[in-house]
Every structure is written in C-alpha cells, then in structure tokens.
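The chains referred to below are lettered A, B, ... by the order of the sequence lines, with proteins before strands, and numbering in each begins at 1. Note that the coordinates shown come from a computational prediction; the quantities given were computed from them, not determined experimentally.
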Protein chains: 2
Amino acid sequence: MNVQSVSSYAFFDDEPADTRAAIMQATYRALCEHGYAGLTIQRIGDEFPKSKSLLYHHYDGKDALLVEFLSFMLRRFEATIPDREYEDARDQLTAIFDHTLPRDPAPERAQFRAAMVELRAQATTNRAYRTHFTRNDRFFRERFAAVVRRGIEEGVFREVDPDRVAAMVVATIHGAMQEEATTNGAESAHVREELRAYVRSQLLAENVTPETIG
Amino acid sequence: MNVQSVSSYAFFDDEPADTRAAIMQATYRALCEHGYAGLTIQRIGDEFPKSKSLLYHHYDGKDALLVEFLSFMLRRFEATIPDREYEDARDQLTAIFDHTLPRDPAPERAQFRAAMVELRAQATTNRAYRTHFTRNDRFFRERFAAVVRRGIEEGVFREVDPDRVAAMVVATIHGAMQEEATTNGAESAHVREELRAYVRSQLLAENVTPETIG
DNA sequence: TGGAACTGAATGAACGTTCAATCAGTGAGT
DNA sequence: ACTCACTGATTGAACGTTCATTCAGTTCCA
C-alpha cells in the first residue's frame, strides 16, 4: 500500500473503470504481496477501497472470483503478445522474444510473470484453471506458428514444421519464465542467446545473412 | 487410500524405514491427492498410520516439515537423473531426454512432476523454497553441461558453449514438464522431436551420422 | 526408571460466507 | 412537485468451520 508498491502496479489503470475492475486490481495486488497461498478474501478486501462483503455481491464466492481473475489475467497476457504489426516475420519473431524474455525486465513485468507462474501451478489440481491454460497455451503457440508460416511464405525461413517449432520455443519461453520467477539465478540471458542461435541455424533460410538478426 | 492410488505411489518404498520417512511419504500422498493449496496437517495425518500430533514431535511445525519435504523431493529428483553410466555422451544425452520427457510417462512419474510444479510455484514467495530450487536447477544444468563437455572432448559434439546449451535445454525441459502438468494438451511429443532436431543441427559434429541418434 | 515415541482433546486465530440493514438512485402514478 | 415502490451497491457484525498448534498424559523400550 506504500508509494513504491503502487507504482509497481502501474501495469493496471490507476483508476479502474468500475467496481469489478477494482476488484480485479485488488486481487492482483493481494496476489503479488502475499502469494497465491496467502490470497484470502480478507487480503483482497484490504487492497480494495470498499468492504470485503461487497465481493460476494459481485461474485458467487472465492472460487468464482478467482476463476474470473484468471480469465482477466490471461486476456491481458494475450493482448500484449506482438501481432502482425511488423514489417516481416523476422521482426515479429524478434519482438515476441524481446517481449517474453526481455533483456532487463521492468519490475512490473517480472511481478506479472511471477503471478502467472503461481496461477498456472493451480491448474495441476483445478479443472477450470487447467481449461483456461490449455486454451491460452494453444493461443500462444498458434500465434508463434503463424509467424513461422509467414516467414516460410516470405522465403525468410526454411520449410520447417511450424507447429513443432512453436511447441518447442513456447516451452522454452515458459521454462525460462518459470525459472526467473522461482530461482535466484539469471540464466535467461543464456536461454535468449541460445534461442537466437537456434533460430539462426534451424529456422533462417541460407540466403539470409544471419548478422541482420538482432 | 484405495488399491489404485497406493500402487501409483510405488515410487516410494512401500514400508518406510522410520517414522520420518513415513511422514515424507504421507506428505507426498496428501500433496498428490489434494494439491498444495489443500495440503494441511490434518490431511497429512490422515495419510499416515499414527496420529497427527506426532508430526509436531518430529518437526517444528508445518513450515519446517514442508521445507524438509522439499529437500526430500529434490534429492529424489537429483538421484534419478542419468549420470555417467553410459558409453558415450550421445547415449547419456538420449538417456536424459528419455528420462525427463518420456514418450509415454508412467502415471507415477506424471504425478511426481505435477507435485514438483506445485512445489516450485511456492518459490515465487517462499525464500527457503527459492534457495532449494536455485541449487537444484544449477545441479541439473551442470550435469547436462558436463555431458556436452564430454561430447566435445570425445569429438561427437561441436565446440559449442556448454553452459549456454545447458541453460536452454533445461529451460525447455522444465517448460514442457510444466505444460504437461498444467494443461490438457499433448505437445511434449513435438517438443521432444524438435529438441532432437536442435541437437542434430546444433550440437552434433558434422562427421557423425545423425541417423544413429534415436 | 527415564527418556523418546506417541495420543486425544483442546485452543485461539483465521478462514469463507451469510445476512439484516442502510444508502443512492430511478421510474411510475397522482 | 411529491411520494411510493423498487433496485443495486454497500456495509458491519455475525456465523460455523477449519486451520496450525499445544499440552497433559500414556505407552514403549533400553
């Protein structure tokens, strides 16, 4: 609730549009501060200007609130993945890497990813969560595979299997995110470099000069 | 507690050596059945022939018990990673892949990995957990990098950066494990295949026939 | 006989949830 | 213009349950 923590939530609109949006914001804050294990109705209420009983007027209960919160988070995640706004497939691919494995991530990004890792772990047990993450992973892979297909059409990439490549790269990105969120190590730099080496040797067509890749 | 669930815990010795081992076994069962969020002292006590108050005689409290349990799990994990018992680096590498991303994993393996994903997520919040996973990841990467170094010495692999390769491959394996534990998808087959393609094109020296790789 | 292993019952705190009661606003009927 | 009925938002005080933990007492064994 101090100034520093508020600024690190800049990822959210400072003034939420309505009460339900404010509840989502409060839930996010409580999750970041106390972790999923410490995410209680009380704590959500504390991060929220109105009373905690109001939560039950807007949601059927804690489970329903959290499932809605998960949808909310995944929508944010999907909205931020770079789409077709780039000149060619190589640029878009670079943009996706930079976005998901940034060189020096902003604290708010790191916090968001930590929250996602915590939420995802619940999917091992919670069926609704699992359904959402299945759908979200498919979306991410499909977006990535589309870039690869585009690259092949443009003659920039070789004729690889886009789905297979997407499956591996997405797994690698998720693995690096998980590692960043759950260890003190800083291996994501290594992962990023080796992922680029993989792209150069495996994806890039031979007539394209590798040096032009960032 | 039925026959089927008991057999799926075959990964543990059926008769634990002492009471503390029995407590670890009970904790594992409770974690698998109820998830980390539902892992209570009561539930651990239920999976355990003696009384739940006995847990406090052997451990200082729930936190201490769970930290010890995490050590216990990570020791198991480290013990099962293939070591130098193979003829050459390629065989050992294949063994590590087969072990961490098996074609059709035994249910007990899948359950173990799901438990690991849940435990790891706690490391975002819990400092002791984070320390353990940092150490465990370093161990896994170092073991993998050692194989790569061995392969380079043997002339089977190119002169790549072993640490960089290890960082990426380990991230990919963790990502695939996480995905398997938290979604309904079955993308690990794709990941496995593409990981092998990466090994062929990036790691394998050019005079080695790729077909001999499983 | 003394200490370690073990137990059942109890405790207070924290949990999710409920509920009667207010409050602000809106539209209808007169 | 006035009020009545109704609605959704909001609150504070409760509720019963479950949680981790304690402890006095018992059994086991060296």
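- Residue A/Thr19 places at least one side-chain N or O closer than 4.0 Å to OP1 or OP2 of D/dT10.
- The closest side-chain heavy-atom distance from B/Ile44 to B/Met24 is not below 4.5 Å.
- A heavy-atom distance below 4.5 Å is found between the side chains of B/Leu74 and B/Met116.
- Between the P atom of C/dA14 and the CD1 atom of A/Ile44 lies a distance of 17 Å, rounded to the nearest Å.
- Exactly one of A/Thr131, A/Thr124, A/Asn136, A/Asp137 qualifies for a side chain to side chain contact (heavy atoms under 4.5 Å, CB included) with B/Thr183. That residue is A/Asp137.
- Which of C/dT18, D/dA20, C/dC6 sits closest to the side chain of B/Lys52 comes down to D/dA20.
- Looking at B/Thr172 and A/Thr172, their side chains do bring a donor and an acceptor atom within 3.5 Å of each other.
- As judged by a 4.0 angstrom heavy-atom cut-off over every strand, B/Thr40 is placed among residues touching the sugar-phosphate backbone only.
- Residue A/Lys50 contributes atom NZ, which lies 13 Å from atom P of D/dG12 at whole-angstrom precision.
- Rounded to a whole Å, the CZ atom of B/Arg43 is 6 Å from the P atom of D/dC19.
- One atom, NZ of B/Lys62, and another, C1' of C/dC15, lie 13 Å apart when rounded to the nearest Å.
- B/His57 has its NE2 atom 5 Å from the P atom of C/dA5, to the nearest Å.
- Donor-acceptor pairing under 3.5 Å, judged by distance alone, is present between the side chain of B/Ser53 and the base of C/dG8.
- Protein atom OH of A/Tyr59 is 16 Å distant from nucleotide atom P of C/dG16, rounded to whole Å.
- Residue order along DNA chain C, read from the 5' end via each residue's closest nucleotide, puts B/Ser51 first among A/Asp60 and B/Ser51.
- Here A/Glu33 does not pair with A/Arg29 in a salt bridge; the nearest charged N to carboxylate O distance is not below 4.0 Å.
- Of the candidate nucleotides C/dA9, D/dT11, C/dC6, D/dT11 has the atom lying nearest to any side-chain atom of A/Leu54.
- Atom-to-atom, CD of A/Gln42 to C1' of C/dA13 comes out at 12 Å; the value is rounded to the nearest Å.
- Across the protein-nucleic acid pair, B/Ile41 atom CD1 and C/dG12 atom C1' stand 17 Å apart, rounded to whole Å.
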